[in-house]
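Before any comments, here is the structure.
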Protein chains: 2
Amino acid sequence: MKVTREQAAQNRERIIKTAARLFREKGFDGVGVADLMKSAGLTHGGFYGHFASKSDLAAKACEISLAASREKWARLAEAAGEDALAALVDNYLSDVHRDRLSSGCVLSTLGPEAAREGGPVKHAVANGLKGLLEVLEQSVPGRSPEQRRKAALAAMAQMVGAVVLSRIADDEALSDEILAAVRSDLIDPACD
Amino acid sequence: MKVTREQAAQNRERIIKTAARLFREKGFDGVGVADLMKSAGLTHGGFYGHFASKSDLAAKACEISLAASREKWARLAEAAGEDALAALVDNYLSDVHRDRLSSGCVLSTLGPEAAREGGPVKHAVANGLKGLLEVLEQSVPGRSPEQRRKAALAAMAQMVGAVVLSRIADDEALSDEILAAVRSDLIDPACD
DNA sequence: ATTATCTATAGATCTATAGATAATGC
DNA sequence: ATTATCTATAGATCTATAGATAATGC
């Protein structure tokens, strides 16, 4: 039954990645440790050799999810050059992002739950937010660093809110309308 | 043990109001039927005489919470006249709203969970969103109805996102900074 | 010998229901 | 007689742990 040290490390990574997917799909309370381990191809009891608690795993899952988001943002911004903001916005407000919870931004799938959870989970998500803001500050137009900081905060809030609302809307027309309105508000020249 | 027909109706209302408070504080999965009934001063088993299921209650709790938000918005907008948007924004982005989950906007406390839940709960929240948008469309500046509609959608997303993020931030400086940046972005003249 | 994983289970909790109780309302 | 509420519990599920197992790594 025992596996190599390296295999055990891989199993641990697989548990975290599975959790990162399932928590985003079903919420922290929507998936139990047993389901989670089954999805990772392991047994229930093996879990506590890897993690102190479900909450411990939740914090690590949020951490890697948001680190992946940050890397994706940095790649997109880098590739888009001058149009970095538009590239980030188009990506975040896409219907793919809205519809595929399992790989989406943790801020919009688990934000309120993480805030309530507190402790290491909230801390991990707060750090992830800071990381995304760093990328956004470099992608947003503005004369001074202060202006860019403010613009990044405003854009971040608007993107997260748009995805949350687009997932609440129960008719697709409204959902699409929300994404389109916010995309236009963020990208098109502010002065009309 | 039996109470008057009127008392029973009052008990039902009290259950819904208690649920509206507790669900926002702890999430749908954070409070059980037994806790909820105890908080309402009733016993566990009595619940199913009033509601078909916990989910049924959740939908009704979201409905009354969002109806109350809409009424509050309408009152604020009415009282502020020309400055309706600023009044709504100041209220939504206040630290009181951020800190007091129990009476806050359901979109920012339970939005992602309601979207996952689907069914009547999601439907109730989607309808509540539409109601708030109606008030916001009348409060936002813009030459045409289409322009106001777009501005309302953009503002709604930004307000919800700002509160979600301000609750995630684990240092108060960042949390306040988010609220202030978004407030200024929404209220101050858009062109600098 | 160590340790990653397994089986099995303790103990707590959750939703929902069954049947008893007692006050209302005909 | 009806019915709102109560007590008690069924049945499912959840987190976490205890102890067994078997392959690695010294």
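Proteins come first, then strands; the chains are lettered A, B, ... in the order of their sequence lines, and each starts at number 1. Quick note: numbers below take in every heavy atom, side chains included, and nothing from hydrogens, waters or symmetry partners.
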If you look only at pairs with a residue in residues 79-92 of chain B, which of them pass as a side-chain hydrogen bond (donor to acceptor under 3.5 Å, both in side chains), with sequence neighbours excluded? B/Tyr92-B/Ser108
Which of A/Leu88, A/Ile178, A/Val163 passes side-chain contact (heavy atoms from CB on, under 4.5 Å) with A/Leu93? Answer is A/Val163
Option among A/Asp95, A/Leu179, A/Asp176 that satisfies the side-chain contact (heavy atoms from CB on, under 4.5 Å) test with A/Ser166: A/Leu179
Any side-chain to backbone donor/acceptor pair from B/Arg167 onto B/Arg98? Under 3.5 Å, distance only. yes
To the nearest 0.5 angstrom, please state how far the [atom1] atom of [X] sits from the [atom2] atom of [Y].
| X | Y | atom1 | atom2 | answer |
| --- | --- | --- | --- | --- |
| A/Ile15 | A/Lys60 | CD1 | NZ | 12.0 Å |
| A/Asn127 | A/Leu66 | CG | CG | 9.5 Å |
| A/Arg21 | A/Ser65 | CZ | OG | 11.5 Å |

Of all the heavy-atom pairs spanning A/Lys54 and A/Asp29, show the shortest one and how long it is. NZ-CA, 4.3 Å
Using the salt bridge (Lys or Arg N to Asp or Glu O under 4.0 Å) criterion, which residues pair with A/Glu134? Sequence neighbours excluded. A/Arg70
Report the residues that fulfil salt bridge (Lys or Arg N to Asp or Glu O under 4.0 Å) with B/Arg148, sequence neighbours left out, ordered by chain and then residue number. none
Any non-hydrogen side-chain atom of [X] less than 4.5 Å from a side-chain atom of [Y]?
| X | Y | answer |
| --- | --- | --- |
| A/Pro120 | A/Asp56 | no |
| A/Met156 | A/Leu107 | yes |
| B/Arg12 | B/Ile16 | yes |

Where along residues 109-116 of chain A does a heavy atom come under 4.0 Å from DNA chain D, residue by residue in number order? none
List, with names and distances, any nitrogen or oxygen atoms from the protein found under 3.5 Å away from nitrogen or oxygen atoms belonging to nucleotides 24-26 of chain D.
unit_1, atom_1, unit_2, atom_2, d
D/dT24, O2, A/Lys2, NZ, 3.3
D/dG25, OP1, A/Arg5, N, 3.3

Any pair counted as ring pair (Phe, Tyr, Trp, His ring centres under 6.0 Å), so long as it reaches residues 156-176 of chain A, sequence neighbours left out: none
Determine which pairs satisfy ring pair (Phe, Tyr, Trp, His ring centres under 6.0 Å) with at least one residue from residues 4-26 of chain A, sequence neighbours left out, and list them in order. A/Phe23-A/Phe28
In [range], what residues come within less than 4.0 Å of DNA chain C, judged by heavy atoms?
| range | result |
| --- | --- |
| residues 8-25 of chain B | none |
| residues 34-44 of chain B | B/Asp35, B/His44 |
| residues 45-65 of chain B | B/Gly45, B/Tyr48, B/Ser53, B/Lys54 |

Applying a 3.5 angstrom cut-off to the pairing atoms, does DNA chain D sit in any stems of at least three consecutive Watson-Crick or G-U pairs? List them by first number. C:1-24 with D:1-24
Whole-Å distance between D/dT5 P and B/Gln7 CD? 7 Å
With sequence neighbours left out, what residues match A/Lys122 under side chain to side chain donor-acceptor pair (under 3.5 Å)? none
Step by step, would you call A/Arg24 with A/Val106 a side chain to side chain contact (heavy atoms under 4.5 Å, CB included)? CA-CA 7 Å; A/Arg24 279 180 280 188; A/Val106 162; 3.9 Å; yes
